[in-house]
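In what follows, a single structure is set out as structure tokens and then discussed.
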There are 2 protein chains.
Amino acid sequence: MNDLPDSPFAAGLDAGLREFVGYTMKRATSAVTADAARVLEPMGLRITTFSALSVICHSPGVRQTELAAALGMERSNSVAVIDKLEKAGWIARERKSTDRRAIALRPTTVGLARQKQARLALLAHEDRLFAGLTAAERRDLVKLLSKIEV
Amino acid sequence: MNDLPDSPFAAGLDAGLREFVGYTMKRATSAVTADAARVLEPMGLRITTFSALSVICHSPGVRQTELAAALGMERSNSVAVIDKLEKAGWIARERKSTDRRAIALRPTTVGLARQKQARLALLAHEDRLFAGLTAAERRDLVKLLSKIEV
DNA sequence: GCATTTTGTTATATGTCATAACAAAAATGG
DNA sequence: CCATTTTTGTTATGACATATAACAAAATGC
């Protein structure tokens, strides 16, 4: 008997949350990352593994701690990621002669090729997903987002 | 002997990833949500529970399926969230007389107060976090992000 | 009236993320 | 030079998010 007034409209039930920039950011990001994951999956990559592989390809010899810091993840969590890249044959762990604790991460030939292929697929994915935005708008978006993170 | 060339520079190791809009989105969003979670935690709320509570406060009588759809989550995962809100005494589950399967979610007086309090804290948090952006820039950011999600 | 769909729910698996602890190696500091 | 501290990679663990499958009860559709 008490369910007569109910909600005014079904669509836009989250309208009250749209006043928060963070909510819109989270929703949009989740849409983008889900699509990116879908693109990477057939290549045996996930977002995290692709990110790590990209850093290693761009900066061969990088240490695991540096890699984790660059990607904003914990050292401990980077181990499994690097394990997967190594087992796939895309990177190699090499002991550094100057510091026998540290490990230098280097891409293999196959790893370099896979990164290039995945990069192109991801760029195409973003072209598709951001079709509603002009190139200038995408730059604006990145510029605005970059002002947030400290 | 093979670790001499190494990486060119330590800072900006993720520079190669910045060409992807999604990467910058993910980094910025993670910074914002982490801070929001920190703000909500002392009030016994998480981002998900606050979002659900807000929808219920704005649309009393909403069904669980509608709530889950509004927040972009699975029905099954919404159960635990609603359980927590109910156990905290912030919402109540009421059987609908028109559809005995469905459940109408309604906020309690305490729940309404808690939502208002958390909303203000979150607005303050965003004011702090987005201090580098003008009000116009924040609107632009939301406008650009809204063009992405389909 | 019977098959199908919807709703809330449970169980489960996977991925993400943070923290604590540890051994080996290096750096530091008398 | 030697003892203490720090760093590096690593393992283990727990909290949380998220996706899927299955199910009973209720509603809906021919």
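By convention in this document, chain letters (A, B, ...) are assigned in the order of the sequence lines, proteins followed by strands, and residues within each chain are numbered from 1. Side-chain atoms are counted along with the backbone in the values below, which use heavy atoms only and exclude waters and symmetry mates.
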To the nearest 0.5 angstrom, please state how far the NE2 atom of His58(B) sits from the CG atom of Leu53(B).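 Going from the NE2 atom of His58(B) to the CG atom of Leu53(B) covers 10.5 Å.
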Hey, could you give me the OG1/CZ distance between Thr49(B) and Arg114(B), rounded to the nearest 0.5 Å? 10.5 Å
Between Arg75(A) and Ser30(B), whichever has its closest DNA chain C nucleotide further toward 5' is Ser30(B)
Any donor-acceptor pair, under 3.5 Å, between the side chain of [X] and the base of [N], if you only look at N and O atoms?
X	N	result
Asn77(A)	dA18(C)	yes
Ser76(B)	dT18(D)	no
Arg101(A)	dT7(D)	yes

Rounded to the nearest angstrom, tell me the gap between atom [atom1] in [X] and atom [atom2] in [N].
X	N	atom1	atom2	value
Lys96(A)	dA26(C)	NZ	C1'	14 Å
Met73(A)	dG15(C)	CE	P	14 Å
Glu74(B)	dC16(D)	CD	P	20 Å
Asp99(B)	dT5(C)	CG	P	17 Å
Leu67(B)	dT7(C)	CG	C1'	14 Å
Leu85(A)	dG9(D)	CG	C1'	16 Å
Arg38(B)	dA18(C)	CZ	C1'	12 Å
Asp83(A)	dT10(D)	CG	C1'	9 Å

Do Leu13(A) and Ile47(B) sit in the same hydrophobic cluster, where Ile, Leu, Val, Met, Phe, Trp and Tyr count as joined when their side-chain heavy atoms come under 4.5 Å apart? yes
Would you classify Arg100(A) as touching base, sugar-phosphate or nothing, given that sugar-phosphate means primed atoms plus P, OP1 and OP2, and contacts are heavy atoms under 4.0 Å?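 Counting heavy atoms under 4.0 Å across all strands, the contact made by Arg100(A) is with sugar-phosphate only.
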Tell me whether the OP1 or OP2 atom of [N] has a side-chain N or O from [X] closer than 4.0 Å.
X	N	value
Thr48(A)	dT16(C)	yes
Arg93(B)	dT9(C)	yes
Arg63(A)	dT8(D)	yes
Thr65(A)	dG9(D)	yes

Take Val79(A) and Gly72(B), find for each the nucleotide of DNA chain D with the closest heavy atom, and name the residue whose nucleotide sits nearer the 5' end.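 Mapping each residue to its closest nucleotide by heavy atoms, the 5'-most match is Val79(A).
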Of Ser78(A) and Ile47(B), whose closest DNA chain D nucleotide lies nearer the 5' terminus? Ser78(A)
Salt-bridge contact Arg119(B)-Glu19(A) (side-chain N to carboxylate O under 4.0 Å): yes
Do Glu126(A) and Arg138(A) sit within salt-bridge range, that is, some charged N less than 4.0 Å from a carboxylate O? no
